Amino acid sequence: QVQLVESGGGSVQAGGSLTLSCAASGYTYRSYCMGWFRQAPGKSREAVASINSDGWTAYGDSVKGRFTISYDDAKNTLYLQMSRLKVEDTAMYYCAARQWGCRLLASIFDYWGQGTQVTVS
């Protein structure tokens, strides 16, 4: 079955950069949708970015211009390049995947990773 494993989280100073990775296994969909979501303590899960197999991407308003989502088909790995990080970006970041249609909406995704913590100070 599909398994997603996030990595790359850590602590960084405000204004810095960090790249998260999500390794996918058992994921053989030709048409796919993948996304990043985050959740801080006491807050609801927030959509960060999504990407589909046609190259379509979408970003949450709070990260536009600072974050870039990408997927390496050869490595079966999803990435989230984060720059100009803010304290408000501190959260547990989760990757997610589904087959076919793509939207920046957590409820449509079928598979989820366990998350990786990002702390900005």
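Predicted model, so just to flag it, every value in this text is computed and none were measured. Just the heavy atoms: all of them, side chains too, but no hydrogens, waters or symmetry mates, feed the values below.
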I'd like to check [X] versus [Y] (side-chain heavy atoms, cut-off strictly below 4.5 Å). Are they in contact?
X	Y	result
Y59	I69	yes
N52	W100	no
Q99	D110	no
L78	W36	yes
D54	Y32	no
T19	L80	no

[X] [atom1] to [Y] [atom2] distance, which is reported to the nearest 0.5 Å:
X	Y	atom1	atom2	value
R45	Y94	CZ	OH	5.0 Å
S70	Y79	OG	OH	7.5 Å
R98	S107	CZ	OG	9.0 Å

Counting only heavy atoms not in R66, do more than 12 fall under 6.0 Å of its CZ?
yes
Which atom names give the shortest non-hydrogen contact between [X] and [Y], and what distance separates them?
X	Y	value
Y93	A91	CD1-O, 3.3 Å
A47	L104	CB-CG, 3.5 Å
T77	Y71	O-CD1, 3.4 Å

Flag the pair F37 / W112 as yes when their ring centroid distance falls below 6.0 Å, and as no otherwise.
yes
Audit row: V118, T90, side chain to side chain contact (heavy atoms under 4.5 Å, CB included) steps and yes/no
CA-CA 5 Å; V118 173; T90 296; 5.9 Å; no
Between S62 and R38, a side-chain donor and acceptor under 3.5 Å
yes
Report all side-chain donor-acceptor pairs from residues 4-18 shorter than 3.5 Å, counting only partners two or more places apart or in another chain.
| from | atom 1 | to | atom 2 | distance (Å) |
| --- | --- | --- | --- | --- |
| E6 | OE1 | Q114 | N | 3.0 |
| E6 | OE1 | G115 | N | 2.8 |
| E6 | OE2 | C95 | N | 2.9 |
| E6 | OE2 | G115 | N | 3.2 |

Indicate yes or no: does K64 engage D61 in a salt bridge with an N to O separation below 4.0 Å.
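A salt bridge is present here (some side-chain N lies under 4.0 Å from a carboxylate O).
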